[in-house]
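Hydrogens, waters and symmetry mates play no part in the numbers below; they use all other heavy atoms, side chains included.
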Amino acid sequence: MTVVDSLTPRRGLRVLITAGANGIGLAIAKAFQEAGAQVHVCDIDPHALDDLPAGITHTLADVSRQGDVDRLFQEASAMGGLDVVVNNAGIAGPTGGIDEIDDDAWTRTIDINLNGQYRIAHRATPLLRESQGLLINLASVAGRLGFAYRTPYAASKWAVVGLTKSLACELGTDGVRVNAILPGIVRGPRIEKVIEDRAAKRGISYAEMEQENLAKVSLRRMVEPTDIAAMALFLSAPGGANISGQALSVCANVESL
Ligand code: NAD
């Protein structure tokens, strides 16, 4: 195999992606399908699931509900095993000072962003051991930097990095790799809402807030969902076979938040 060939995953990979009906998860699902993989996704948005490209199978499932996760693995078992699992589901959580946010918003953020990844990893591990597979956890640059007024989100994403590094140590001798991808500011509706909320909190305009955010990015630009998908494909390709336990930023170099 040439080095160039080693940059593409082998065809026929069996891939499970959480929150795969929109945004980054959808970009990852489409990229794996283009690379010849069998792709199964879950999401809580039934309409977006109905609109998935033909051939991508799905389950209506919320990663914060154990019963839904059990049903997801039941339905995904039609693929006959799993080679790659992408723990993508994550919410932005509340924006506010630590003494302002409410307990339920804190708990919900941790329950989806961290506990959701645990629930999936717990169920996926035996299958990944069988295939010597790969687990990819979506963290964030907020998982390597402090993030004022977004403490629940940042705390959950630092925890995702801890989960990733610990599982890579634990499962490496079984041939299972575990990595985190840390996106920066990814173009799409989610980031628009985050900028809106932060602008309101700071009492400045949307344009000023966006400008301020990009001033902290060395390349002065957002990244695209397809940039995240490209990293997921590379990690799944033979060229990525010796990458494990890493927290890989795809962020145009976010210097601070
Ligand atoms: P998004 O907000 O666009 O949501 C994507 C999908 O998640 C939606 O289809 C939604 O229905 C689904 N979803 C929400 N809660 C769910 C749940 N409990 N169970 C199953 N599905 C659920 O998200 P995104 O921007 O594509 O982000 C994907 C991942 O990347 C997240 O973990 C996020 O924290 C991380 N991330 C995103 C950005 C960004 O700028 N967008 C930056 C850094 C990290």
Should I110 and Y118 be counted in the same cluster of Ile, Leu, Val, Met, Phe, Trp and Tyr side chains packed under 4.5 Å apart? no
Pairing of D62 and R108 as salt bridge, 4.0 angstrom limit: yes
Looking only at non-hydrogen atoms, find the nearest pair between C42 and V63 and report the distance. SG-CG1, 4.3 Å
Would you confirm whether W106, through its side chain, and I101, through its main-chain N or O, come within 3.5 Å as a donor-acceptor pair? no
Would I28 end up clustered with I56 when hydrophobic side chains under 4.5 Å apart are linked, directly or stepwise? yes
Please give me the minimum heavy-atom distance between A29 and I17, naming the atom from each residue. CA-CD1, 3.4 Å
Does N179 reach the main-chain N or O of Q246 with its side chain, forming a donor-acceptor pair under 3.5 Å? yes
Smallest heavy-atom separation, A139 atom then Y153 atom, equals O-OH, 4.5 Å
Show your reasoning for whether salt bridge (Lys or Arg N to Asp or Glu O under 4.0 Å) applies to D197 and K193. CA-CA 6 Å; D197 287 355; K193 169 88 172 63; 2.8 Å; yes
For a salt bridge (Lys or Arg N to Asp or Glu O under 4.0 Å) check, start with the C-alpha distance between E170 and K165, then their side-chain angles and the critical distance, and finish with the verdict. CA-CA 9 Å; E170 189 175 315; K165 289 183 178 282; over 6 Å; no
Between S77 and Q74, do the side chains contain an N or O donor and an N or O acceptor separated by less than 3.5 Å? no
Are E192 and R187 ion-paired here, with the side-chain N under 4.0 Å from a carboxylate O? no
Under 3.5 Å, is there a donor on one side chain and an acceptor on the other for D5 and T2? yes
Pair R198 + E208, salt bridge at N-O below 4.0 Å: no
Between K216 and E255, does any side-chain N to carboxylate O distance fall below 4.0 Å? no
Does I136 belong to the same Ile/Leu/Val/Met/Phe/Trp/Tyr cluster as F73, with side-chain heavy atoms less than 4.5 Å apart forming each link? no
Applying a strict under-4.5 Å side-chain criterion to I, L, V, M, F, W and Y, I'd like to know whether I181 and I24 cluster together. yes
For a quick test of reading the model, state the closest non-hydrogen atom pair linking S236 to A232 and the distance between them. OG-O, 2.8 Å
Would you indicate whether the side-chain heavy atoms of P183 and V250 approach each other to under 4.5 Å? no
Determine whether a donor-acceptor pair (N or O, by modelled atom type, separation under 3.5 Å) exists between the side chain of E212 and the backbone of M209. no
S156 side-chain N/O to T109 backbone N/O, donor-acceptor pair under 3.5 Å: no
Hydrophobic cluster membership, I195 vs F147, 4.5 Å side-chain cutoff: yes
T18 side chain to N87 main-chain N or O, any donor-acceptor pair under 3.5 Å? no
Roughly how far, to the nearest 0.5 Å, is CZ of F234 from OG1 of T8? 11.0 Å
